[in-house]
Structure formats: structure tokens, C-alpha cells
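Here's the structure, in C-alpha cells; my notes come after.
Labels below follow one simple rule: chain letters A, B, ... track the order of the sequence lines, proteins then strands, and each chain is numbered from 1.
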Amino acid sequence: MRYIPETKREQEQMLQDIGLNSVDELYSMVPKEVLLKELDIPEGKSEMEVLEDLQKIAGKNLVYDQIYRGAGVYKHYIPAIVSYITSKEEFLTAYTPYQAEISQGVLQSIFEYQTQICELTGLDVSNASVYDGAVAAAEALFMTLERNRDEVLVSDTIDPQTLEVMKTYCESRNVKLTLLKGKDHKTDIEEVRAHLNERTAGLYVESPNYYGLIEDVEELTKLVHENKTKMIEGVDPISLAIYKTPGEMDVDIAVGEGQQLGLPMSFGGPYLGFMTCKKELMRKLPGRIVGETTDHEGRRAYVLTLQAREQHIRREKASSNICSNEALCAMTASVYMAAMGPQGMEKLALSCYNNAHYLQTKLNELGFVRKDEGEFFDEFLTSSPIDAEVLEKKLSERKILSGLKVEDQILWCATEVNTKDKIDELCLALKEVLS
Amino acid sequence: MKLLFEESRSGRKMDYLPEVKTGEARPSDKYARKSSLRLPEISEVDLSRHYTKLMKQTHGVNDGFYPLGSCTMKYNPRVDEVTASLKGFTDIHPLQPKDTVQGAMEVLYKAEKLLCRITGMDAMTFEPAAGAHGEYTGLLLIRKYHQDRNDDKRVNIIVPDSAHGTNPASAAMAGFKVVNIPSDEKGGVDLEALRNAVGEDTAGLMLTNPNTLGLFDPNILEITKIVHEAGGLCYYDGANLNAIMGRVRPGDMGFDCVHLNLHKTFATPHGGGGPGSGPVGCKEFLKPFLPRHEVKEENGSYDFYDPQKTMGQVRSFYGNFLVVVKALTYILALGKEGLKEASGKAVLNANYMMNKLKGSYHVAYDQTCMHEFVLSLEDLKKETGVSAMDIAKGSLDYGIHPPTMYFPLIVHEALMFEPTETENKETIDEAVKIYLELYKKAHEDPEYLHGAPHKCAISRPDETKAAREPVLRYRYDD
């Protein structure tokens with residue numbers, strides 16, 4: 001395939017115009033010894049052949065009928081309207097909206113996204129997204145740093161992927177990260193108290209945490225604030241429709257993975273990380289931010305703003321190096337939240353909550369016992385009466401993805417797509433597997 | 001245009017989900033949300049129309065010419081969108097058993113092999129989600145390499161003054177000190193300045209070649225040699241790879257690692273600012289330090305493994321996977337000749353356009369350019385008061401996305417044009433005509449251009465006000 005419009009004759013004409021005979025002459029600056037004779041990759045193909053090739057590769061992946069695995073990535077129903085809107089070619093093919101006069105559409109949509117994220121979290125300011133939830137959490141740690149506060153505390157009940165990214169980011173910036181041992185799969189408030197000191201800039205906790213449990217964020221926030229330490233909460237955006245918001249608990253920064261807001265699982269990406277904070281931390285937020293202003297005639301207009309924080313102005317002194325973020329994913333999240341509406345989001349959250357609790361009850365009857373105490377939203381751990389790998393394999397044969405093996409237990413998840421009928425089907429399958 | 005929130009009416013709703021049959025329980029009061037959730041309440045038809053309105057006020061590549069320098073706004077083939085929407089790619093969980101995602105791993109493996117051949121590298125990671133993220137990852141490779149050899153003195157990254165702003169920002173994030181060096185009179189790296197800058201403290205050099213002036217540095221082999229002899233490594237910023245793919249490889253020019261922007265060179269769409277993908281390639285000796293989740297193949301089956309001395313992760317899972325699917329589709333479709341033809345045509349279009357503008361506008365460095373070129377409007381501004389910004393804004397009225405403005409920083413009143421290979425001759429001729437008209441207008445009626453654009457949805461927005469009194473979200477009336 002070629003996507004080059006010129007005919008050979010036109011090309012010759014253009015070359016003639018600039019006084020050359022061949023395209024190769026344009027590369028006369030390249031040292032001869034490194035000029036490539038031939039690129040060692042296959043010949044091109046027609047669109048029909050390439051599509052067939054890719055269909056064949058995609059066909060090697062198993063698309064499950066039912067999924068009971070979350071651990072950071074969740075299967076949800078996405079209303080049909082969402083992808084119709086986000087695949088509009090103008091949105092798809094535009095660059096970052098540097099030229100506000102011809103980008104009001106994209107800019108307004110980011111402004112709307114920022115507002116929705118603020119409403120969801122109860123906080124004041126949101127950026128236009130970062131790469132994913134893990135990067136959002138790592139970037140949030142740096143927002144808490146001050147001249148004499150350069151250490152951060154992180155609970156070991158968080159998603160291990162997020163922790164991995166935080167470790168990489170902190171090591172390169174010479175920020176000391178201390179991992180706090182949890183108790184019964186929850187953050188241990190005494191452990192936090194014991195580690196707070198005058199250098200502690202921030203504490204990061206997730207709720208629901210990796211094991212599905214709701215953390216006592218309010219108490220933790222009070223505690224760290226007494227030490228002038230900032231509180232960062234990693235949140236599940238769906239759960240916020242029914243759970244206390246970071247804003248209601250006086251949390252300083254909230255971050256999270258936005259995949260659940262209308263994006264398919266896609267083997268890990270693209271997703272988006274959302275970041276929101278209290279007003280006083282506004283200028284420490286990394287990434288793009290859209291603001292409202294007026295044009296010369298006084299009409300309402302939107303622009304990329306607070307750019308004094310950014311790399312193209314501050315270079316090595318920038319608050320972060322982010323430029324391309326996940327704009328189209330942010331728009332997807334915005335369309336999704338608008339389509340669902342407040343009642344839809346609440347119904348969604350309650351579906352996840354009740355389906356997961358129903359699943360837990362049913363699993364318990366089959367000998368998958370929950371040992372953790374405390375509230376959970378849509379994920380929970382159980383023991384397993386059979387080897388977790390055997391279970392995975394046997395269910396996989398029935399096109400059902402089991403919970404994830406975590407330590408010596410299984411982390412189960414149910415969302416709105418795991419309805420009562422489906423869960424009952426799962427239980428029948430489990431009975432077969434167990435017998 | 002109204003905001004979603006202004007179109008909202010209390011009680012209006014859609015119902016996309018079935019009734020819950022598993023119970024009516026709610027979280028306990030201690031943990032329950034107290035404030036109401038104020039999201040827009042809107043019908044599907046109004047939602048659809050809302051975004052159609054926004055769409056009409058968004059300029060994408062398919063709306064018209066988009067010569068935004070350094071951003072490679074080429075046409076995004078639609079078959080790439082089709083392959084990336086296959087259920088076998090979109091509906092798989094990243095933590096599925098490995099034998100159920102062999103196709104996904106094959107995508108990563110194949111894309112790695114092809115891109116390594118295109119860049120002259122030995123291994124590649126797809127974890128970084130964008131170009132700047134790739135820079136950060138590439139610099140961590142360099143950092144890990146020196147640390148592993150206990151060479152703690154190497155704390156400096158050398159960056160030419162023409163570099164993208166992300167280069168120094170990424171270097172700082174990766175824990176390095178930034179040493180800026182000037183360009184020579186031809187726009188290339190000043191070899192003397194480079195020789196003086198390197199030493200025992202040099203961790204590496206970050207370079208774009210062709211550079212941000214659109215010029216291929218003919219001293220490239222000498223440059224990488226100087227850095228290597230001082231014990232430093234050479235990092236290739238792949239933002240401008242579109243000029244040279246299929247013709248010369250960073251690996252052959254002496255670079256040790258490279259990041260690519262799949263959303264530039266390999267035609268995946270920008271989405272109004274992402275998702276992108278910024279894979280990082282490296283030579284064999286840096287491979288042990290790559291992020292986790294490298295893909296290997298044994299007897300036709302694929303598996304992930306963690307490189308021996310891995311830096312860990314810079315993002316969750318395996319990066320922006322679907323973007324990699326799109327880029328792979330593109331590479332397989334174009335093939336060896338197609339990629340070479342694309343780069344050649346990109347360079348031809350740029351030279352053709354530069355040549356047509358040269359009679360009037362001042363070309364910052366008047367020599368054969370690569371895929372982009374830079375004009376300096378300093379003289380025009382002195383003569384007429386019309387700035388690079390004014391000309392750029394003037395072009396908006398003709399349906400052209402302006403070139404990159406005021407970059408690179410070493411050229412005053414800079415406008416940087418990158419026409420890309422997918423534009424035809426008529427489009428470029430038409431654009432040239434428009435820019436020559438604007439040049440004339442600058443002399444005849446500078447006031448008109450100060451006030452441009454005149455035909456867009458808005459005139460120039462007040463950016464100072466936006467930054468001074470930030471309004472970053474819609475406020476409800478309460």
C-alpha cells in the first residue's frame with residue numbers, strides 16, 4: 001500500500017523545480033558509508049492482505065464469554081454511542097490543540113472532562129490526563145514534595161503495577177519511597193503514624209485497594225495532616241458514584257485509572273490516568289490543563305493554560321516532561337460519563353457492588369471462603385478448594401476467565417456485566433470443575 | 001457553544017444497563033458518598049449533536065493541510081483503525097493466561113523485530129506511552145548502564161540548544177544535569193563546543209537528526225564518536241525519523257538507544273493529544289536494562305520475560321497496545337519500498353515548498369532540508385511589524401493549520417513547516433500561494449494580520465487572562 005498521492009510525472013516536475021534529478025540526491029548530506037542499500041523488512045502488501053494477516057493474529061487471542069478478573073483492569077459495558085462519537089475523524093486526527101481558534105471543539109471537550117473528574121472526586125482542579133493510572137500515582141508523589149520534605153510513604157496494599165512505576169520514578173528523581181506494611185490486607189494506621197516525620201511529604205493509599213477493601217482514608221488523612229503531610233488517594237472512578245469522595249475526606253490529591261470510563265481492556269492500553277487536586281496545588285499539577293477565557297470580541301473561549309509549568313517553556317525546570325497525553329481517551333471518558341449521567345453512574349456502581357457481593361455469597365457456598373474482614377466494592381479475595389492454576393485452566397476451557405491468583409488466594413471481581421444469570425452459570429461450571 | 005452542563009436538564013436520562021437482580025445493598029454510611037454527583041443529564045440525541053458541534057470546531061488532518069513542524073501530521077490510514085478495533089485485540093485482559101494471548105504477544109514481537117530493523121537497534125520496549133515518556137525511559141537505560149559499571153561520575157546529559165523542550169525536561173526527570181551546547185553557523189552541532197563539553201562526567205548526548213531545523217548533520221559520525229570516546233552514550237530522539245526511514249538508521253550513525261513516536265512516523269492518529277506510543281530501542285549491551293515484559297519466542301510460542309537488570313516499569317502492563325497494532329498494520333502495508341518512498345517524498349515535499357517560499361520569506365538556514373524547514377520572519381517583523389504569530393494566525397482563515405511557531409528557540413520569529421509525504425502537489429502549491437498572499441498582506445495591511453484570524457469560531461483568545469484568573473472547570477450556580 002502507498003499513501004502517496006503524486007504521480008511519477010508530478011514527482012519529476014517537483015524535482016526539476018528544485019534543480020534535482022532524483023530523490024536520492026536530497027540525501028547527499030548523509031555520509032556514504034551509512035546510507036542503507038536496502039531495508040531488511042518484507043515487501044509491502046495490499047490492504048486486503050494486511051487486514052487478513054491481522055485478523056489471523058487477533059484470532060489467536062481468546063475472547064472470553066465471562067470475565068471474573070479485575071486487578072486494575074475491568075470489563076464494563078460501553079454504550080454504543082461512545083465509540084461513534086470518539087471515532088469522528090476530526091477528533092481522531094487532530095494534534096494537541098495549540099491553535100485555539102480552530103480547536104475549540106477539542107478544548108471544550110477537555111474542559112468538560114476536567115469538570116466531570118472534579119465532580120466525581122469532589123476536588124477542585126483536574127488536568128487533561130496522563131498516560132495511565134500508575135503514572136498518575138507516581139506523578140502525584142512529586143506534587144507533594146517541598147524544599148525540606150522529600151520522602152513519601154506508600155501503603156503495600158496498592159496495585160503492584162502502580163508500585164513498580166512509583167519505584168522507577170522515585171529512584172530516578174532521588175526521592176525516598178518507604179513501603180508501609182499493611183495489616184490484614186488494609187493499611188495499618190499505626191504503621192503510618194510510626195513512619196511520619198518532618199521530611200514526609202506525602203502518603204499514598206488506594207481505596208478500594210488492590211485486595212478490594214475500602215480503606216479508612218478519612219482517618220489516615222486526619223493523621224497525616226497533623227504532620228503537614230499531603231494525602232494522596234488512588235481511587236476507582238466507578239466506585240466514587242456511591243463511595244465518599246476524596247474531596248469529602250479532605251484528601252489533597254486524587255488519581256486513578258480511567259480505563260473503566262468507556263475504554264475496552266485492550267491488553268493494557270491505551271488507557272488514561274486522571275489527576276485532580278485541591279486548588280492550592282494547582283500549579284504543581286503536571287501535564288496539559290485547559291482553561292476558560294474570552295477572545296477579543298469577548299466571546300467565551302478555551303485555551304491550554306498555566307503553560308509556565310511545562311517543558312516547552314521551562315525545559316529542564318519543568319514540573320514534568322509530559323506533552324502528548326491521552327486526549328482521545330479523556331474524551332472517551334467524558335462522553336461515557338455524560339451518556340451514563342448521574343443516575344446511570346450510580347446504577348452502574350450499585351450493579352458492581354451487588355453483583356460482586358452475590359458472587360461472594362455463591363462462591364462461599366462452593367468452598368471459596370473469604371477471610372478478609374471489612375467492606376469491599378467489586379473485588380475480594382477467597383481461598384480456593386482446588387489449585388488456582390487448575391481452576392483457571394478448567395474455566396478457561398469453558399471460555400470463563402477466573403479470578404487472579406494473588407498470594408495463596410484468588411482475587412475475584414464482578415461488574416455490571418457479571419449479572420445474576422451469568423454468575424449462576426459460573427457456579428454451575430465451578431461445580432463441574434470441583435466434582 | 002453550550003457546555004454539556006448547560007444542556008443538562010434535571011431528571012433526563014438514558015438507561016444503558018439492565019436492572020440489578022442481585023440485591024439492593026449499598027455501602028455502609030461510614031463510607032458512603034454524601035454529596036450528589038452532578039454529571040450532565042442528557043438524552044442520546046442531544047449528546048450526539050453536542051459532539052457533532054464540537055467536531056465542527058476541530059481541525060484534523062482530514063480537514064486540510066497540517067504542516068505542523070516536528071509533529072509529522074501525515075494521513076492516518078483507516079485500515080489501521082479497523083485492525084485496532086478487532087475484538088481479538090480490544091476485548092482481552094492484560095492478565096489473561098499467556099496461552100490465550102499469543103496473538104497479542106505476536107503483535108509486540110513482530111513490531112519489535114520490524115522497528116529494530118528500521119532503526120538499526122537490537123531490542124525494543126513498547127511500555128512508554130508517548131515520545132516524552134520514551135525519552136525518559138531511554139535516559140533511564142543510560143543511567144542504569146553507568147550505574148551498573150559503578151561509574152557514578154557520569155551525571156551530565158548534553159543537549160544542543162536546538163533540541164525539543166522535552167529533551168532537557170526528560171533528562172532532569174531521569175536524574176541528570178543538563179549541559180546545553182550551541183549550534184554552529186550551519187545549524188549543526190558545534191564540534192568544538194561538543195569536544196569541550198564532554199568528559200568523565202558525560203553520561204550521554206541527546207540528539208535529533210535531522211535536527212529541529214530540518215537539517216541532517218553531516219558530522220554525525222564524528223559527533224557520536226566524540227561522545228563514545230569520552231565514555232558517554234548517544235541517544236536518538238526519533239521525532240524526526242520520518243525524514244530518513246528506509247534510508248539511514250540511527251544504529252548505523254552511532255546511536256546506542258532511540259525512541260520513536262509511532263503517532264508521528266508510523267501514521268497512528270494523534271487524537272487531539274494522544275494516545276501516542278513512544279517505544280524505545282537499544283543496542284544489545286543495553287538490553288538487560290530494558291523495562292519488564294519483553295517478549296521472546298521459542299518454538300513458535302511467545303512469552304514475557306524480565307530482562308536481567310531491568311529498570312522496572314515506567315507504565316502498567318505493556319504500553320499503548322492498540323497503537324502498536326496500528327503501527328504494525330502500517331509497516332506491513334508499506335513494506336520496505338513503501339517506507340523508503342514515504343521518507344523520500346516527505347523530504348521532496350519540504351524542499352519543494354521551501355524553494356517556492358524562498359523568494360519572499362527568509363529561510364533560516366538556506367540549504368537542502370530534510371522533511372521540514374524553518375523560516376525566520378525577523379526581517380518581515382522589522383519591516384512591517386507583522387510577526388510569525390500574525391502570519392500563522394492569518395493562515396487559519398484559509399483553512400490551513402499553522403506551522404510550528406517560535407521553535408526552535410535559536411531562530412527568531414520562527415515558523416517551522418513539515419508538509420509530510422501524504423500531501424499532493426496541488427495542496428502544497430495552494431498553501432504556497434496563500435503564504436505569499438499573507439506576505440503581501442503583511443506589507444499592505446499589517447493591522448489586518450494583527451487581528452487575524454477573522455473567519456474562525458473565535459478570534460485570538462486572551463491567554464494572559466486564562467493564566468492569571470484560571471477557570472479550569474464549569475461552576476454550577478450554587
Practice item. Give the intermediate values and the outcome of salt bridge (charged side-chain N to carboxylate O under 4.0 Å, His left out) for residues Glu119(A) and Arg473(B). Key: CA-CA 10 Å; Glu119(A) 281 297 325; Arg473(B) 54 157 299 175; 2.7 Å; yes

Review point. Any idea which heavy atoms bring Thr168(A) and Gln313(B) closest together, and the distance?
Key: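 Looking at all heavy atoms of both residues, the closest pair is OG1-O, 2.6 Å.
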
Return yes if some donor-acceptor pair links the side-chain N/O of [X] with the main-chain N/O of [Y] below 3.5 Å, else return no.
X         : Y         : answer
Glu10(A)  : Lys425(B) : no
Asn355(B) : Asp17(A)  : yes
Thr100(B) : Asn61(A)  : no
Thr22(B)  : Asn355(A) : yes
Thr93(A)  : Gly60(B)  : no
Asn354(A) : Ala25(B)  : yes
Glu101(A) : Ile458(B) : no
Thr58(B)  : Ser103(A) : no
Thr245(A) : Ser35(B)  : no
Gln161(A) : Phe317(B) : yes

Exercise for review: I would like to know whether Tyr51(B) and Tyr84(A) meet ring pair (Phe, Tyr, Trp, His ring centres under 6.0 Å); could you show each step before the answer?
Suggested key: CA-CA 10 Å; Tyr51(B) 282 99; Tyr84(A) 267 86; over 10 Å; no

Review point. Looking at OG of Ser48(B) and NZ of Lys88(A), how far apart are the two atoms once the value is rounded to the nearest 0.5 Å?
Key: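 That separation rounds to 5.5 Å.
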
Revision key, fill the gap. Rounded to the nearest 0.5 Å, the CG atom of Leu332(B) sits from the CD1 atom of Ile57(A) at a distance of 7.0 Å

With no hydrogens and no angle check, do the side chains of [X] and [Y] hold a donor and an acceptor under 3.5 Å apart?
X         : Y         : result
Gln11(A)  : Lys345(B) : no
Ser316(B) : Asp132(A) : yes
Thr294(A) : Asp462(B) : no

Point to revise | Criterion side chain to side chain contact (heavy atoms under 4.5 Å, CB included) on Met14(A) and Tyr352(B), from CA distance to verdict | key: CA-CA 6 Å; Met14(A) 291 171 81; Tyr352(B) 177 78; 3.5 Å; yes

Check your understanding: Can you check whether Val23(A) reaches Arg247(B) side chain to side chain, under 4.5 Å on heavy atoms?
Key -> yes

Point to revise | Side chains of Leu62(A) and Ile92(B) in contact at under 4.5 Å (non-hydrogen atoms) | key: no

Exercise for review: Select one option (side chain, backbone, both, neither) describing which atoms of Arg143(B) are under 4.5 Å from chain A's heavy atoms.
Suggested key: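 For Arg143(B), the contact with chain A is made by the side chain alone.
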
Exercise for review: Step by step, work out the side chain to side chain contact (heavy atoms under 4.5 Å, CB included) result for Glu90(A) and Gln57(B).
Suggested key: CA-CA 9 Å; Glu90(A) 288 78 356; Gln57(B) 294 198 8; over 6 Å; no

Point to revise | Aromatic contact, Phe267(A) with Tyr318(B) (centres under 6.0 Å) | key: yes

Review point. Which one, Gly175(B), Ala132(B), Ala172(B), leads in non-hydrogen pairs under 4.5 Å with chain A?
Key: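 So the answer, after comparing Gly175(B), Ala132(B), Ala172(B), is Ala132(B).
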
Point to revise | Toward chain B, the part of Gln343(A) with a non-hydrogen atom under 4.5 Å | key: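 For Gln343(A), side-chain heavy atoms alone lie under 4.5 Å from chain B.
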
